[in-house]
Amino acid sequence: MTVEITLFKGEVQDKKAARWFMARPNPAGELDAVKLETTLLEMWSKEGAFQQSIETRRNGAPFIFLEGPPTANGKPGIHHVVARAYKDLVCRWKTMEGFKVERKGGWDTHGLPVEIEVQKRMDLMSNEAIEAYGMDNFNQACRESVWTYESAWREMTERMAYWVDLDNPYVTLENSYVESCWWAIKQMFDKGLLYRGHKVLPYCPQTGTSYSSHEVALGYKEVEEPSVYVKFKLSDEEASILAWTTTPWTLPGNVGLAVGPEVTYVRVRVTEVAENWSGEGGASVGEIVILAKDLMKEVLRHNVEIIDEFPGRDLVGRSYEPLFPEAVPRGESTTAWTVLEADWVTTTDGTGVVHTAVMYGEDDYNLGMAAGLPAYHTVGMDGAFLEGTHPLLDGRYVKECDQTIIELLSSPKGSNGSGPESGLLYREKAYLHDYPHCWRTDHPLLYYAMDSWFVRMTAVKERLLEFNDGVEWAPDWVGEGRFGEWLRNVKDWAISRERYWGTPIPVWRTEDGQMKCVGSIEELQSEVAKAVAAGIANPECPDDVDLHRPIVDGFTLVSDDGKPMHREPFVMDCWFDSGCAPFAQWHHPFDGGETFDSSFPVDYICEGVDQTRGWFYTLLAVSTTVFDKPAYKRCLSLGLILDAEGKKMSKSRGNIVDPWDHFNREGADATRWYMVTAGAPWNPLKFDSNGVRETYAKMFLTLWNVYKFHADYAALDNFDPDASTSDVASRPSLDRWILSRLATTAQNYHADFKGWNFHKACRDLEDFIVNDVSNWYVRRSRRRLWDDSESSDKLACQHTLHEILTTVCRLVAPVSPFMVDVIHRNLTGETVHQAAWPLGVPGTLDGATADAWDEQAAAATATLPPQDVELEGVMELVRELAEVGRRIRIDAGRRQRLPCSQGWIVAGLEMSEFHDILAEELNVESIAVEDDLDRFQQIALAPNFRALAPKARSEVNAVAGEIKHSQDPVGLLESIRAGTCVIMGISIEESDVEIKRIERPGFAASTVQVGQGDDAVQISLVLDMNDTPELLSKGLARDVTRRIQAKRKDMDLVIEASIDLEVWMRNAPEMFEDDRAWIVTETRAAGAVFHDAKANPPSDAEHFEVDGAEIWFTVK
RNA sequence: GCGCGGGUGGCUUAGUCGGUUAGAGCACCCGGCUGAUAACCGGGAGGUCGCAGGUUCAAGUCCUGCCUCGCGCACCA
């Protein structure tokens, strides 16, 4: 298929001249959406259309958008297109409203994802390997790696027409960006919100890094693991305390047992061997164990007798035998391997006794510190047991030792050689639970005590909540619910990472704990100078010193009392970087001061709902701690993108849809429109490829054909919308109707936009284009443009089409910006992306801000045609009657092309101006209005439950039945009106019933209802089914014509071509001269012969039958 | 376990303050219409509105419990 799409012709020098030239539409041509879009992209690029769209709104009120930075080291998928479509949509919409909407691009370039990628590629899977390779080399590789897919991102972004400035993006690895982050950290440091602590954190030994809660939340997985019940043998009694753990690897580190002081425990003796024992472990008859009373049934598998009961506090202080005597040195501790009390011990699971390994659990650690337990690691940073733990465990990855530990415990006398003969293991049990895993490597995380830096978010909790209240969330329940809940449970933010590629923490520290936080390059330089002056050697610190490891590690500063200070060897959580975007993108406060001041907090951000704990949070966390302000005013939180089966799209599942599959088939317009109409933005979107195809076929093909219809005739007639006028008030009612529908649709569209209901807006607009414009207005108007001569009616139609199309283009433009631009350009000579929003341009008003403007003044800038609600109602009725007419014919078995002499409209609204349309639609000779309702209609009464129910109560159904099935509704109505109607003791008033009129039986008729409630009107359509020779002749002529036209189309004749026609008829009604002449005109027959019934048609003639008549014809 | 959001013909979905016949689109079948486009119109088949109770004259809609899917939180021994 060859395609020609005419856009601008030649260079446009003089805008006015060009406009005059261009305002005359060119023919539309056939549609090739992909070619249309790619051609247009080149033109946009040449014109600088994006920049221009901002430039012309330079004086508008600013609407500040902030781009959430993606990482370019992964390939973009369709789910990225969705997020970008909504970002783009709102920015384009606000731009058309006259706001200045700048869109700076951004790239997230630091952090674990980047490191992992590089580690995999270069096979540097441990920290040792990285350090052996050289941190500088490694970081250089990271620096390059982040751009791996930049071109793929750029191409996707451009192809989908996401207008964002990728030529001047902010990049989190750049010095200026990092310097702003440093400044922010120093603000926190100075406010005392930054602290160094020792905490048990989820730790991933593979990546060598610990995580903050929002990262851990990314990686919960359900796993089944062995859990064990272990007997801790008391030192001074032949009895054991039972404790339970799901992490057997922490048992060598056991140094205490915690019991609830108020919990009731029992001492029991095994009396009988357990039946059906499975797995390892056990107990001998006579053995004595201690556990919480509530959990006996859960835990014990032997028959036992209770020896005594006592509260937990009676156990406190008792000492027991260590499971792995070599693993942890006692040191100074007097409390090691004794029973401790803790009020958080419950009896919901386990044994009511909590095994405590100081370094591997938050509660354990706190308890251990309070009770003076020895704080020794049994596990190294690499996740393997340290030497000296146990000969069979040393050096092995802890998660692989479960079975070994179980075996050691279950051997006679147990792992410590001093347990009961039955061993130290009582039972093992598979345990199913959600356990945190590394969101990058999928390995289970270990809770692990380590040094870390924290932001004291708990100190600003109230402010966080307060600021969140001020944010306009879409949907609102994300803000109130999910995000609010998160904030109410806010924890201090663990922001340090034991990694290499990231923003280094700018804190230097002496061995005795004095600290200094550096907030800028300049400050670093002066501190370095100070240190050099104090005699500490340092490398050069130039203005462009690279603010990364290992460069910054090389500087040694000096404390006030002259001691050397070394940088804390951490980098920041990369989420901190993106949380700094509102100011770091401008290099605030070192640069661009005004830009920042006028653009903070930002007006609009939009990301997937998965960013709730990510970017949505870190933005607010940083802005609150640094500026004591919120970071954004509006946040659109998008639902997850699922595949057609409803599964989450993810790289690991391999179900990611490649956006190019659709860009190259249906185009970006259809892809974007589909995504927006498929459901509410915040609902999960099942991405269905077939849906994109449907959108293309329905929405865009239809729009194009409406446009084509207009443009082709407009070009033929040299139509110039500016050179002629057509007063709307004097246009035909069909035109006034569609223009009113346009105004109504546009207003609803806009209202839905304001409420973030883009899906509703677009569904309704699509419905308007397909049903109102294409299937009714254009279909009804085709003949108006076929006329070669000029007429006011034709002109009206052309102006109407022009107005519909230009307005529709502007409404569609924010969502799907391509085709509508081609159409708008051809119709007006101007790009739609410079056009004004049809509902007004508040951004251009004096004193307007992104948040508020003079509504009245804004409304005055709208450019919509007049609305006529009544007219819309009448037309709705007309269309309904047209449909009803077809049904009447089908029921009566009368074919559509056989005219009826008369149709009656019974009662109802005045609609004489549409009688012509109706007559044509219904194929009747004339329409009459019948005032005598009773000629074709009868009354039916229906109960009005709302009114009736309160009176009738439980009798309502019986009363309603009486009304509904009344044999004499007329009489019943009379008695109701007379106030004498009583059914089952209930007095019935007129408001208790609905009076309906329905068609009388025996006519070819049907009744429709329009309006609701009191405004409801029943209108009947009646068709006269009697035949006359004239009608039969006319009907036959129409059938013949239709067959000939089909043949013409079949023969690929151009519309103007004339034909030679011969027709043979047998068993047919007489065809009158007028109707023959009509056939000749309609089919453009230059010569026509109508043979009489005796002539034999040639064998190659076309043949068909209609109502028993046989027809042959030839077309040449 | 707690919270949020879903569950409506084969698929995608609409459904207002509870009102008696649950509405569209796609796909399917039949018919019609067409110099109108992968279009349009009429009809058909296809629904235990997740399940079970409850409130009510009346429940897709309100209440309770449960099942199920997704997401989030807490996960502790």
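The chains referred to below are lettered A, B, ... by the order of the sequence lines, with proteins before strands, and numbering in each begins at 1.
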Handout entry: P-based separation of B/G44 from B/A24 [nearest Å]
Key = 11 Å
Problem - Between B/C11 and B/G46 - C1' atom distance, rounded Å - result: 13 Å
Problem - Whole-angstrom distance between B/A45 and B/C29, as gauged at atom C1' - result: 8 Å
Practice task
Would you tell me whether A/Ser781 and A/Arg784 have side-chain atoms, one donor and one acceptor, within less than 3.5 Å of each other?
Solution key: yes
Problem - Closest to side chain of A/Asn690, choosing from B/G32, B/A77, B/C26 - result: B/C26
Practice task
Examine B/C33: is either OP1 or OP2 under 4.0 Å from a nitrogen or oxygen in the side chain of A/Arg897? Give yes or no.
Solution key: yes
Exercise for the section: Using a 4.0 Å heavy-atom cut-off across all strands, classify A/Thr246 as base, sugar-phosphate, or nothing. Expected result: sugar-phosphate
Handout entry: B/G54 versus B/G47 - spacing of their C1' atoms, nearest Å
Key = 24 Å
Practice task
In whole angstrom, give me the gap between the P atoms of B/G43 and B/A38.
Solution key: 24 Å
Problem - Side-chain N or O of A/Arg895 closer than 4.0 Å to phosphate OP1/OP2 of B/G31 - result: no
Problem - Residue pair A/Ser637 / A/Trp473, side-chain donor-acceptor N/O under 3.5 Å - result: no
Exercise for the section: Could you please name the option among B/G5, B/G70, B/A77 that lies closest to any side-chain atom of A/Trp344? Expected result: B/A77
Exercise for the section: Look at A/Arg1042 and B/U34 and indicate whether a side-chain polar atom (N or O) is within less than 4.0 Å of OP1 or OP2. Expected result: yes
Exercise for the section: For the side chain of A/Glu883, starting at C-beta, report the closest nucleotide among B/G35, B/C41, B/U12. Expected result: B/C41
Handout entry: Interatomic distance at P, B/G42 relative to B/C51, whole Å
Key = 32 Å
Problem - Integer angstrom distance from the C1' of B/U48 to that of B/A59 - result: 15 Å
